[in-house]
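Structure record follows, encoded as structure tokens.
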Amino acid sequence: MVLMVDANVVLDVFLRREPFFLDSLKVLAVCGDGKAQGILAPHSVTNIWYILRKEYSQERRRELLLALLVYFDVVPLDKERLVHGLYRNDFLDFEDCLQEVCACSVRADYIVTRDKGDYTASRTKVLSPEELVKLLRL
């Protein structure tokens, strides 16, 4: 199973955001345990870095992201995918559109995000962390 994991799921774990922490932690654990292949869009990594700046030092952010990337692959985002995303007008948020373009490029089974409403035009099935936990009976 290939899971495109949205930045908000990772941030739920790194920032211990309740009530989302436990389900998001289970999503990361499934990828870390090798039960699913976890993938990230490249802009998710930079967004996580930026958002964590208020809570963590540069050194700690580097440690967290390097640890994350031991277990997650990053989908290439090249000019062709960017242009494809720019031509799509069925997404209100360009960042979410690029997430979906990346998910499709690796034939992800699911995009896991807490912002499901932003993915109504997604060609890849979208699940919340809670839904994935229920699906996998974690």
Side-chain angles (χ1 to χ4, degrees):
M1 175 181 303
V2 179
L3 304 175
M4 167 63 79
V5 178
D6 196 359
N8 58 41
V9 177
V10 176
L11 289 166
D12 288 343
V13 174
F14 286 170
L15 297 173
R16 299 189 66 88
R17 297 193 293 206
E18 293 295 347
F20 314 110
F21 172 75
L22 188 56
D23 286 335
S24 294
L25 181 62
K26 289 177 181 179
V27 171
L28 297 190
V30 164
C31 298
D33 292 344
K35 294 175 184 165
Q37 179 186 0
I39 57 173
L40 300 167
H43 62 277
S44 290
V45 178
T46 58
N47 289 344
I48 293 165
W49 173 271
Y50 179 76
I51 292 167
L52 291 179
R53 79 193 184 291
K54 293 181 181 179
E55 298 294 324
Y56 294 105
S57 69
Q58 187 176 63
E59 180 180 330
R60 183 64 179 139
R61 285 181 284 160
R62 186 169 280 113
E63 290 169 357
L64 288 169
L65 288 170
L66 286 169
L68 182 71
L69 293 176
V70 167
Y71 301 104
F72 282 80
D73 293 322
V74 178
V75 179
L77 182 58
D78 57 11
K79 180 180 177 178
E80 181 181 333
R81 290 186 181 120
L82 285 167
V83 169
H84 177 74
L86 287 167
Y87 274 111
R88 291 193 58 190
N89 61 4
D90 51 352
F91 275 83
L92 295 177
D93 186 322
F94 181 57
E95 179 182 357
D96 295 332
C97 180
L98 290 179
Q99 184 100 330
E100 194 267 350
V101 167
C102 288
C104 286
S105 74
V106 295
R107 295 185 173 96
D109 295 294
Y110 301 103
I111 296 172
V112 185
T113 181
R114 281 195 298 102
D115 297 328
K116 284 181 61 177
D118 293 343
Y119 291 88
T120 56
S122 180
R123 297 164 291 179
T124 302
K125 186 166 176 142
V126 181
L127 295 175
S128 69
E130 179 181 13
E131 290 169 331
L132 182 69
V133 166
K134 287 178 184 174
L135 177 72
L136 299 179
R137 297 180 185 158
L138 301 174

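Position 1 is the first residue of the sequence; numbering continues from there.
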Any side-chain donor near an acceptor of the partner, Glu95 and Asn47, under 3.5 Å = yes
Atom pair CG/CG of Asn8 and Leu15 - distance to nearest 0.5 Å | 11.0 Å
Taking all heavy atoms of Phe14 and all of Tyr56, pick out the closest pair and write down the distance.
-> O-OH, 2.5 Å
CG of Asp115 to CG of Asp93: how many Å apart, nearest 0.5 Å?
-> 8.5 Å
Val126, Val101: one ILVMFWY side-chain cluster at the under-4.5 Å cut-off?
-> no
How long is the gap from CG on Asp96 to OG on Ser122, to the nearest 0.5 Å?
-> 9.5 Å
Just wondering, are more than 12 heavy atoms of other shown residues or ligands nearer than 6.0 Å to CD in Glu55?
-> no
Would you give the length of the straight line joining atom CE of Met4 to atom CD of Gln37, rounded to the nearest 0.5 angstrom?
-> 10.0 Å
Set of salt bridge (Lys or Arg N to Asp or Glu O under 4.0 Å) partners for Arg123, sequence neighbours left out | Glu100
Looking at CD of Glu59 and CG of Leu64, how far apart are the two atoms once the value is rounded to the nearest 0.5 Å?
-> 11.0 Å
Pi-cation contact, Phe21 with Arg16 (under 6.0 Å, within 45°) = yes
For the pair Arg53 (side chain) and Tyr50 (backbone), establish whether a donor and an acceptor sit closer than 3.5 Å, ignoring hydrogens and angles.
-> yes
Would you find a donor on one side and an acceptor on the other, under 3.5 Å apart, between the side chain of Asp109 and the backbone of Val2?
-> yes
Near Leu86 CG, under 6.0 Å, is it more than 12 heavy atoms from other residues, nucleotides or ligands?
-> yes
Is there a donor-acceptor pair closer than 3.5 Å between any side-chain N or O of Ser24 and the backbone N or O of Phe20?
-> yes
Euclidean distance, Ile111 CD1 relative to Cys104 SG, rounded to 0.5 Å = 6.5 Å
Shortest non-hydrogen contact from Met1 to Leu132?
-> SD-CD1, 4.3 Å
Cluster companions of Leu66 among Ile, Leu, Val, Met, Phe, Trp, Tyr (side-chain spacing under 4.5 Å) | none
Without swapping roles, check the side chain of Arg81 against the backbone of Pro76 for a donor-acceptor pair under 3.5 Å.
-> yes
